[in-house]
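What you see is a predicted model; the values in this text were computed from it and never measured.
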Amino acid sequence: MKNYKVHEELIENFEKHSSELYQLAFLLTGNTDRSVQAFTLALDLDEQMNSVFDGFRKLIMVEALGTMKTELRKSIVRVARMAGDELLGSGRWTQRQGIAKEEFEEAVIAIDAFPRCAMLLTIFEGLPLKTAAIMLDAGEALTAAAQRIGIVQLTRCLAGNNGGRDPYHGINPVPVLSLS
């Protein structure tokens, strides 16, 4: 009886947070097909391991990153080439109130894969830089640089300041998508 109650609570918790977990997979991969694939793989692994909800969130991250290894490697090379350049150019920032979910998704997906994932894992998911670097199969210094690039690009996009010099502008091969 006790196991049934625990199982029931896990299912209820999963149902309550499944859209949030899918959105995490979507933002990491930048692709609806890959995010569904990652979500499904994580579900299959979770059932085999009988892990708790927090573990499932990490499985989602690992599976999402696993679906985009080639894209991540290419992005890591681009970031490594750009790491020495001036990435944080100055400019005037405008203050905004309230950002719609769709606008946020579009801004995140517009960021190149490696900076996007480094930013999402460290800033939004709160993973330590070392853990994110391991998950991304990149060095800590390069992951830290990618994190900064990601947050600067996100801030520029959301602040409406795309007029400045942006070394990554236009090189992301992933089209802008959003959940319906």
Side-chain angles (χ1 to χ4, degrees), residues 10-11 13-80 99-155 157-158 168 171-180:
L10 283 174
I11 290 173
N13 197 12
F14 173 77
E15 287 174 352
K16 186 193 281 186
H17 297 286
S18 63
S19 65
E20 171 190 334
L21 294 170
Y22 174 78
Q23 184 181 28
L24 172 61
F26 174 72
L27 290 174
L28 284 168
T29 63
N31 179 288
T32 53
D33 292 337
R34 287 184 192 160
S35 56
V36 168
Q37 179 184 359
F39 196 80
T40 303
L41 288 169
L43 272 175
D44 291 344
L45 283 173
D46 190 54
E47 283 178 11
Q48 293 170 15
M49 296 170 33
N50 291 325
S51 64
V52 294
F53 182 73
D54 241 9
F56 185 69
R57 187 173 194 86
K58 288 183 179 127
L59 280 174
I60 289 282
M61 289 185 258
V62 168
E63 292 300 334
L65 296 174
T67 67
M68 52 187 291
K69 285 183 179 184
T70 302
E71 183 182 348
L72 270 172
R73 278 192 221 111
K74 290 176 183 177
S75 182
I76 288 169
V77 170
R78 286 190 293 269
V79 170
I99 297 167
K101 176 184 172 186
E102 293 80 15
E103 186 179 6
F104 176 77
E105 287 176 351
E106 288 176 5
V108 170
I109 300 304
I111 300 169
D112 197 23
F114 181 45
R116 177 180 69 236
C117 291
M119 174 191 68
L120 287 169
L121 293 173
T122 58
I123 294 173
F124 291 93
E125 289 300 313
L127 294 180
L129 185 63
K130 184 175 187 167
T131 302
I134 290 168
M135 290 176 77
L136 293 166
D137 196 24
E140 279 186 64
L142 191 56
T143 302
Q147 173 201 52
R148 289 189 301 273
I149 291 166
I151 200 65
V152 166
Q153 289 181 347
L154 179 64
T155 305
C157 186
L158 293 176
Y168 283 98
I171 67 167
N172 186 3
V174 178
V176 177
L177 302 170
S178 70
L179 295 170
S180 298

How many angstroms lie between atom CZ of Phe124 and atom CG of Leu154, to the nearest 0.5 angstrom?
5.5 Å

If every non-hydrogen atom of Gly150 is compared with every non-hydrogen atom of Ile111, which pair is closest and at what distance?
O-CD1, 3.5 Å

In Å and rounded to the nearest 0.5 Å, what is the OG1 to CG distance from Thr29 to Leu24?
9.5 Å

State, with a plain yes or no, whether a side-chain heavy atom of Met61 is found less than 4.5 Å away from one of Leu127.
yes

Checking the side chain of Arg34 only, and the main-chain atoms of Phe26 only, is there a donor and an acceptor separated by less than 3.5 Å?
no

Main chain of Ala110, side chain of Arg116: is a donor-acceptor contact present, judged purely on distance under 3.5 Å?
no

Validation row: Glu125, Leu120 side chains within 4.5 angstrom (heavy atoms)
no

Taking every non-hydrogen atom, the tightest pair across Ser35 and Thr32
OG-O, 2.8 Å

Test side chain to side chain contact (heavy atoms under 4.5 Å, CB included) on Gln23 and Glu105 and set out the steps.
CA-CA 9 Å; Gln23 184 181 28; Glu105 287 176 351; 3.0 Å; yes

Look only at the side chain of Thr155 and the backbone of Ile151, and say whether a donor-acceptor pair between them is shorter than 3.5 Å.
yes

Does the side chain to side chain contact (heavy atoms under 4.5 Å, CB included) test come out yes or no for Arg57 and Glu20, once each step is laid out?
CA-CA 10 Å; Arg57 187 173 194 86; Glu20 171 190 334; 2.9 Å; yes

Heavy-atom closest contact (Leu136 atom, Ile76 atom, distance):
O-CD1, 3.5 Å

Scan side-chain atoms only and decide if Gln147 and Thr122 contain a donor-acceptor pair under the 3.5 Å cut-off.
yes

Smallest heavy-atom separation, Cys117 atom then Leu28 atom, equals SG-O, 3.4 Å

Which heavy atom in Leu129 sits nearest to a heavy atom in Glu140, and how many Å separate them?
CD2-O, 3.9 Å

Side chains of Glu63 and Gln37: any donor to acceptor distance under 3.5 Å?
no

Quick check: do Asp137 and Leu65 have side-chain heavy atoms less than 4.5 Å from each other?
no

Evaluate the side-chain proximity of Val77 to Phe114: yes if any heavy-atom separation is below 4.5 Å, no if none is.
no

Nearest non-hydrogen partners of Ile60 and Leu21, listed with the distance
CG2-O, 3.7 Å

Atom CG in Leu158, atom CD in Glu103: separation rounded to 0.5 Å?
6.0 Å

Can you tell me how far CG of Leu41 sits from OG1 of Thr67, rounded to the nearest 0.5 angstrom?
8.5 Å

Atom CG of Asp112 and atom CD1 of Ile149: how far apart are they, to the nearest 0.5 Å?
8.5 Å

